[in-house]
Each structure stands twice: as structure tokens, then as C-alpha cells.
Amino acid sequence: SYNNSRRIGDRGGIEVVLAGMRLHIAHVGVSEQACWTLLEFAANNEDNRKRILDSGGIGQVVAAMRTHKDMALMQETGCAALAVLVYSPEG
């Protein structure tokens with residue numbers, strides 16, 4: 001939910017997800033789930049979206065996509081996460 005995502009973001013959860021992505025970049029399942037988690041954190045929560053951007057989230061998603069370039073689900077999840085991250089309601 002929105003409130004849970006906000007609380008997790010406020011308590012360092014985004015940074016934990018990104019650290020997990022860096023540590024386990026070779027594991028496609030971790031990368032897919034982390035991208036999905038970032039997408040969920042950023043969707044409808046501008047503070048979390050900005051926090052992910054400021055923490056290097058786009059670079060980390062792209063790194064996961066490059067590492068697992070032959071995995072269709074990873075590419076799909078990564079693209080979805082990127083779409084949410086780059087969208088700004090301010091235009």
C-alpha cells in the first residue's frame with residue numbers, strides 16, 4: 001500500500017534493495033524481484049521515486065538488464081521499473 005511503501009522508503013528500505021541488487025547482480029531472480037520492488041515503491045509515491053533516482057536506481061536497473069540481457073522477464077521488469085522511475089507528474 002501507499003503508506004507501507006512510504007514507511008519502507010523513510011526507513012532505508014530503498015537503499016537496502018539497491019545494495020542487494022549490487023551484491024547479487026549475477027542472480028537473475030534477485031534482480032527481477034528488486035526491479036519489481038523499486039517499481040512498487042516508486043509508483044504513486046513521488047518521494048520514493050526521487051529517493052530511488054537520487055540513490056542511483058536507474059543505473060542499477062540498467063546494470064541488471066545488461067547483466068541478464070537474454071532473460072525476457074528481467075528485460076520486461078526492468079523496462080517497467082524504468083518507465084515508472086522516469087515518469088514525473090510535473091512533466
Side-chain angles (χ1 to χ4, degrees):
S1 76
Y2 173 83
N3 286 332
N4 287 338
S5 290
R6 182 180 51 81
R7 285 186 201 115
I8 291 167
D10 290 345
R11 290 174 174 86
I14 290 166
E15 292 79 8
V16 170
V17 171
L18 292 171
M21 288 181 80
R22 284 189 295 276
L23 287 171
H24 303 288
I25 191 78
H27 192 287
V28 68
V30 171
S31 295
E32 288 171 2
Q33 290 301 310
C35 286
W36 185 255
T37 300
L38 293 174
L39 181 157
E40 289 291 324
F41 284 164
N44 302 313
N45 190 309
E46 185 64 11
D47 290 337
N48 278 351
R49 189 184 75 81
K50 288 179 180 177
R51 187 176 284 126
I52 294 166
L53 293 176
D54 292 344
S55 298
I58 287 180
Q60 197 58 49
V61 171
V62 171
M65 293 174 72
R66 285 182 176 155
T67 300
H68 305 290
K69 62 182 176 234
D70 296 327
M71 304 300 291
L73 185 56
M74 176 66 243
Q75 298 304 308
E76 181 180 333
T77 306
C79 285
L82 291 174
V84 169
L85 291 173
V86 300
Y87 171 77
S88 174
E90 299 160 3

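Since this is a predicted model, take the numbers as computed values, not measurements.
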Original post:
Does the distance from a Lys or Arg side-chain N to an Asp or Glu carboxylate O, for Asp47 and Arg51, drop under 4.0 Å?
Top reply: no

Original post:
Which pair of heavy atoms, one from Val17 and one from Phe41, lies closest together, and at what distance?
Top reply: CG2-CE1, 4.0 Å

Original post:
Got a second to check how far Met74's CE is from Cys79's SG, nearest 0.5 Å?
Top reply: 8.5 Å

Subject >> Between CZ on residue Arg49 and CG on residue Asp54, distance to nearest 0.5 Å >> reply: 9.5 Å

**OP:** Using side-chain contact (heavy atoms from CB on, under 4.5 Å) as the criterion, point out the one residue from Val84, Leu82, Val61 that pairs with Leu38.
**Re:** Val61

Original post:
In Å, rounded to the nearest 0.5 Å, how long is the span from CD1 of Ile52 to CD1 of Ile58?
Top reply: 9.5 Å

Subject >> Hydrophobic cluster membership, Val62 vs Val86, 4.5 Å side-chain cutoff >> reply: yes

Subject >> Distance-minimising heavy-atom pair for Val30 and Gly20 >> reply: CG1-O, 4.1 Å

**OP:** Quick one: closest heavy-atom pair of Gly9 and Asn48, and the distance?
**Re:** CA-OD1, 3.5 Å

**OP:** Output, in order, the C-alpha distance, side-chain angles, deciding distance and verdict of side-chain contact (heavy atoms from CB on, under 4.5 Å) for Ile14 and Ile8.
**Re:** CA-CA 7 Å; Ile14 290 166; Ile8 291 167; 5.8 Å; no

Subject >> Test item: Gln60 and Ile25 side chains (from C-beta on) under 4.5 Å apart, heavy atoms >> reply: yes

Original post:
What are the two closest non-hydrogen atoms of Met21 and Cys35, and how far apart are they?
Top reply: CE-SG, 3.9 Å

Original post:
Any idea which heavy atoms bring His68 and Ala26 closest together, and the distance?
Top reply: CE1-O, 3.3 Å

Original post:
How far apart are the closest heavy atoms of Ser55 and Leu18, and which atoms are they?
Top reply: CB-CD1, 3.5 Å

**OP:** Give a yes or no on whether the backbone of Met65 and the side-chain of Gln75 come within a donor-acceptor separation of less than 3.5 Å.
**Re:** yes

Original post:
Which distance, rounded to the nearest 0.5 Å, do you find between the CG of Asn44 and the CZ of Arg6?
Top reply: 14.0 Å

**OP:** Determine yes or no for a side-chain-to-main-chain donor-acceptor pair under 3.5 angstrom, with Asn45 supplying the side chain and Ser5 the backbone.
**Re:** no

